[in-house]
Amino acid sequence: MSDSSPAPASAETRPDRMPAGAAALTGVLALAAALAMGHLVAAFVGIGASPYLAVGNSAIDLTPAPVKDWAIETFGSYDKVALLGGMAVVMVLAAVVAGLVSRRSALPGTLVIAVFGVVGGVAVYTRPALGQLALLAPLAGLLAGLAVFRWLHALALRGVSAIGEHEIAPPGADTRVQPADTANRRRFLVGASGVALGAGVAGLGGQLLGQAKNAEGSRQAIGTLRVADPAPPVPDGADFRRLGTPAFLTPNKDFYRVDTALVVPQVRAEDWSLRVHGMVDRELRLDYADLRSRPLVERTITLCCVSNEVGGPYISTANFIGVELADVLAEAGVRPGAEQLFSTSVDGWTCGTPVEAALDRDRGALLAIGMNSEPLPLEHGFPVRMVVPGLYGYVSATKWLTDIEITTWDARRAYWLDRGWAREAPVKTQSRIDAPEAFEKVPSGRVTVAGIAWAQTTGIAKVEVSIDDGPWRPTELSTAVNEDTWRMWRIDVDLRPGQHKVVCRATDRSGYTQTDRRQPTVPDGATGRHTVLFEVT
């Protein structure tokens, strides 16, 4: 007599095992809830406390310099977007795995969420510009993630076996969907939808609250900056933009931006202050009104990033408005033996600037509050930044400035020194070809080759080009503005149809001609001569 009783369910169809689709969805929704709640709470305790952003900032700090250089070279100004996007992909994959390993028990996923929470908490705790209250953001995110995960996990185990896969019933079994199963599946779907909606609302709320606290209103309220010592007008012939060079003055929206801030710091002018201390006779505490009440000067200055490869885009020029840094330092009284200005941004980034460069009145270093006739844009350092001509930005151009300590090189080490970069970094004499562009096709006949050159604090004396490895030919230079700004150049050449190569080199007013030796950006700026290949048709 045969046994006609149903065969036992396989491991894939056991009722205590969540289907893969429901498990993965549970993990992803728990992640979304954690990040959204952390972001919402961060809107109240400081947006930098958002666990997602704090981990991103820590990743930037811990990334080796060669990887950062690759990211800047590859993604340009979108390097931070690429970082956040990459983090999102990794976190979603981890959330899916956390759900899949928790198909029978919530414990594995709970442990994964706890680890994520600890990582977020450590990232927030170690951010230099965040206080202990900021830990509320990762804590809230952790609790929200755990609560959502365990709740959805319990709902799923009550009977959502049909979600994401079909059960294979044994022969003769009743395959009709039972009302209880339908109700349980509905509860899970309703709960998952509610979590998704709630996470969206919380994340959007945190974003809107953070924006409501931004400093743009404070910036707009400043109005016109009255300059006691304006920069001379830019003369006619200062650029060859009709031939392909940049405009001499870079519009604020086009000015290059390279920094470590994932989120632009938000500091209102009325809340800002600067402490000047250390090896000084008198410690100073300055506020925005104090700076604005001083005689403001305007200087036309070209800034260049040390991450700029040969021929790269990270160079721009603007009229900066501010107070002479040398005047502020004279008021404080710099003591003998001082070697660097160790400056700190509101987000904790640090920079070391040689004292002699800051005190050099001919160089004209500024505490800048304006840029191209308006208050500094938020992304360029509002309310106040440093600008020191002739030095790469990582040793001279602290944005969102809040502290200057006069000290020695041995006493304090700035952010980039511990990441393989040089202590002192004067801008190198360089040149770039802007037209024709690489691999561009241009009509045969007379071809205009044009570009820019720079040698801050020294000035450009001449630029030469070599066509197809031929002799060096002098180019026409644009009208000079000052020694701290770039200079445009152009030359017309007759070329036959075919592939051609052009190389440029600049000579500064000291007589130095830029080297052809290729050197990467680390440790103190790239060297080499820009080369462009193009085709004449």
Side-chain angles (χ1 to χ4, degrees), residues 56-84 86 246 250 254-264 301-318 343 345 347-354 357 379-381 385-400 413-434 438 451-456 484 486 506 514-515 517-531:
N57 280 315
S58 295
I60 290 175
D61 292 349
L62 297 173
T63 299
V67 177
K68 290 184 181 180
D69 293 340
W70 172 83
I72 292 174
E73 181 180 353
T74 304
F75 300 108
S77 58
Y78 296 100
D79 59 332
K80 299 176 182 65
V81 175
L83 170 65
L84 292 176
T250 310
D254 298 328
F255 205 97
Y256 82 88
R257 178 192 168 199
V258 177
D259 53 55
T260 63
L262 279 177
V263 177
V264 174
I301 299 170
T302 293
L303 297 184
C304 183
C305 180
V306 72
S307 297
N308 204 38
E309 297 282 354
V310 173
Y314 302 124
I315 180 168
S316 302
T317 300
S343 55
S345 167
D347 65 350
W349 185 82
T350 57
C351 167
T353 306
E379 65 271 20
H380 291 295
R385 69 174 296 170
M386 280 176 53
V387 176
V388 184
L391 301 178
Y392 285 119
Y394 83 99
V395 296
S396 68
T398 305
K399 295 187 283 191
W400 314 293
R413 290 182 60 83
Y415 181 91
W416 284 111
L417 262 66
D418 290 328
R419 292 161 174 81
W421 296 80
R423 188 178 72 183
E424 300 179 50
V427 175
K428 292 178 167 61
T429 299
Q430 281 284 8
S431 57
R432 185 183 79 191
I433 301 165
D434 291 295
I452 62 174
W454 60 95
Q456 284 95 321
D484 294 326
W486 56 15
Q514 70 178 95
T515 178
R517 184 174 64 86
R518 281 277 178 170
Q519 172 184 301
T521 57
V522 181
D524 60 357
T527 63
R529 294 171 182 170
H530 192 206
T531 301

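Bear in mind the structure is a predicted one, so any value in this text is a computation, not a measurement.
- Looking at residues two or more places apart in sequence or on another chain, you find a side chain to side chain contact (heavy atoms under 4.5 Å, CB included) between D434 and P246, R432, I452.
- The ring pair (Phe, Tyr, Trp, His ring centres under 6.0 Å) search around Y256 returns none, not counting sequence neighbours.
- Partners of W400 by side chain to side chain donor-acceptor pair (under 3.5 Å), not counting sequence neighbours: none found.
- Contacts of A506 classified as side chain to side chain contact (heavy atoms under 4.5 Å, CB included), with partners at least two apart in sequence or in another chain: T429, S431, A453, I460, V463, Q514.
- With rounding to the nearest 0.5 Å, the separation of CD in Q430 from SG in C304 is 8.0 Å.
- Shown here are the side chain to side chain donor-acceptor pair (under 3.5 Å) partners of T353, two or more places apart in sequence or in another chain: there are none.
- Every side chain to side chain contact (heavy atoms under 4.5 Å, CB included) that A82 has, sequence neighbours left out, goes to F75.
- For D524 (side chain) and A425 (main-chain N/O), no donor-acceptor pair under 3.5 Å exists by modelled atom type.
- The backbone N or O of T317 sits nowhere less than 3.5 Å from a side-chain atom of T302 that would complete a donor-acceptor pair.
- For residues 387-398, the set of pairs meeting the side chain to side chain donor-acceptor pair (under 3.5 Å) definition, not counting sequence neighbours, comprises S343-T398.
- The aromatic rings of Y415 and W349 lie tilted to each other, with the angle between the two planes from 30° to 60°.
- Applying the salt bridge (Lys or Arg N to Asp or Glu O under 4.0 Å) test to R413 and every residue at least two apart in sequence or in another chain returns D418.
- Checked against side chain to side chain contact (heavy atoms under 4.5 Å, CB included), R517 has the following partners two or more places apart in sequence or in another chain: T515, Q519.
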